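Counting starts at 1 for both ligands and their atoms, in listed order. Note that this is a predicted model, so its numbers are computed, not measured. Throughout, residue positions are numbered sequentially from 1 according to the sequence presented.
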Amino acid sequence: MVGQERPSLSMAGVAEQIVPVTLGERSYDIVLHPGLLATVGDRLSALTTSPKIGVVTDRHVASRYLQGTLRSLCKAGYDPTPIILPPGERTKTLGTIAKILDALARHKFERQSLLLALGGGVIGDVTGFAAAIYQRGIPFVQVPTTLVAQVDSSVGGKTGVDHRLGKNLIGAFYQPRAVLIDPLTLRTLPRREWIAGLAEVIKYGIIADEEFFAFLEQEIPALLKLEEEPVIHAITRSCEIKAQVVAADERESDRRRILNYGHTIGHALESLAGYRGLIHGEAVGIGLVQEADLACHMGLCGREVVERISSLVQRAGLSERVSQTSFTSLWGAMQHDKKVVGGRVIGVWPVRIGEVVIRPIEQPVCAAWFQSKHGRGSRPSSGRQPGTHPVRRKARARR
Ligand SMILES: NC(=O)c1ccc[n+]([C@@H]2O[C@H](COP(=O)([O-])OP(=O)(O)OC[C@H]3O[C@@H](n4cnc5c(N)ncnc54)[C@H](O)[C@@H]3O)[C@@H](O)[C@H]2O)c1
Ligand SMILES: [Zn+2]
């Protein structure tokens, strides 16, 4: 699973970037610096008074980055305890949380002891949730090692695990004390994970920043080659946009919903695929294009907006096509998103590149759009209650 190291990301001499996340007493910094992992120990001194640090990671990441992290922590005078979990979404369970809590209790972790999440979004989500509930909350720091985690999951304080009946059903809002990003870790990321992460990066351009979108249009070949400057800029700008949105609306009452652009259809497709086949970012890539197309159908944006998004998504190596599904299945899956209020799907729609609006969508409108695209099998469902379609097996709520 772990990819071959690609040499193009050298980044020697790149300046440290700091993005503040302003949330009153829960404020923290996102720090980005190539090679940061070697100095992680020194960066924790302001964040905890306890020598005990729990380093939660998965086997793939541990084989590459655990020894260096432990060395840095020991050098700075800490007493680290590694907690190594199996890789992958299946680790996001309450059982894993119990294991982490057992380890913390066994090693006599106290209120000031700190947890460090070294890994992708799965590790960040479970570590944050364990930190939120151990002794009613201990400090934690995110050290994200995937593109998805560096631009999205490590920032904003959503933590949690999946339930048998739904993804991310159990969790807490709990902010980290810092997010420490070492982009050099991306050198070993499997290419498929890298490309999937680009979907989230493109999303930020569409929802908030046309200039950034234009930068991505220009630099996509360089990003695919992991060239240092565009990679650093893409991560930093994505973090800035996420930080701004989260600071305006920490608990997703309204404004934060814009981060869900591409995810209404994206999550539905992931769920219909049974969380196999498509990885999250790949589903979001399709969602970015299809939701723009739906916005155009509703008269909210022009065709040129759809075409720009579609072109960038394809050039990034992502698909834009909905694989064979009926409208009934798709609408049923869309109904199970957390963005559903009173039976109406609350969508996020581009009006131009860099600006989106939040609006509910009714079933007949979505059905007419689907039919215009796919024809066959696209008639609106005839009275079946949302959620009772047999294709729906899993996942009721996601972020
Ligand atoms: N909390 C949030 O706001 C938020 C936002 C988006 C996604 N998420 C969650 O994040 C998870 C997905 O995160 P992800 O895409 O990072 O997946 P992941 O954590 O499963 O990591 C993907 C794979 O890459 C491996 N890996 C990680 N870093 C590596 C590296 N540097 N080199 C080589 N291999 C490496 C991992 O071992 C794993 O096999 C989902 O559970 C999703 O729900 C949370
Ligand atoms: Zn996402």
Between [Y] and [X], is there a salt bridge with N-O shorter than 4.0 Å?
X      : Y      : answer
Glu217 : Arg315 : no
Glu210 : Arg308 : yes
Arg303 : Asp293 : yes
Glu110 : Lys52  : no

Return a yes/no value for [X]: is any of its N or O atoms, backbone included, closer than 3.5 angstrom to an N or O of ligand 1?
X      : answer
Ile123 : no
Leu186 : no
Asp125 : yes

If every non-hydrogen atom of Glu200 is compared with every non-hydrogen atom of Tyr204, which pair is closest and at what distance? O-CD1, 3.1 Å
Determine the minimum heavy-atom distance between Gln175 and Tyr28, stating which atoms define it. OE1-OH, 2.8 Å
Take every heavy atom of His280, measure it against each atom of ligand 1, and state whether any distance is under 4.0 Å.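 Flag not set, His280 not near ligand 1.
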Atoms of ligand 1, numbered as shown, that sit under 4.0 Å from any heavy atom of [X]:
X      : answer
Asp152 : 5 (C), 6 (C)
Pro190 : 33 (C), 34 (N)
Tyr65  : 31 (N)
Thr146 : 14 (P), 16 (O), 21 (O), 27 (C), 28 (N)
Asp58  : 36 (C), 37 (O)
Asn168 : 43 (O)

Would one find more than 12 heavy atoms of other residues, nucleotides or ligands at under 6.0 Å from atom CZ of Arg71?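 Counting other residues, nucleotides and ligands, CZ of Arg71 stays at 12 neighbours or fewer.
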For atom 40 (C) of ligand 1, which candidate among Glu89, His60, Glu270 provides the closest heavy atom?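 Among Glu89, His60, Glu270, the closest heavy atom to atom 40 (C) of ligand 1 belongs to Glu89.
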Just let me know how [X] lines up against ligand 1, side chain, backbone, both or neither, with a heavy-atom cut-off below 4.0 Å.
X      : answer
Lys92  : side chain
Pro87  : side chain
Glu200 : neither
Val148 : side chain

Atom CG in Leu180, atom CG in Leu44: separation rounded to 0.5 Å?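 Result: 6.5 Å between the selected atoms.
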Between Ile258 and Ile309, is there a shared hydrophobic cluster once you connect ILVMFWY residues whose side-chain heavy atoms come closer than 4.5 Å? yes
Suppose you place the vertex at the Zn ion (ligand 2); what is the angle out to His263 NE2 and Glu200 OE2, to 10°?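 Vertex at the Zn ion (ligand 2): approximately 110°.
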Modelled atom types, side-chain donor and acceptor of Thr146 and Glu193, under 3.5 Å: no
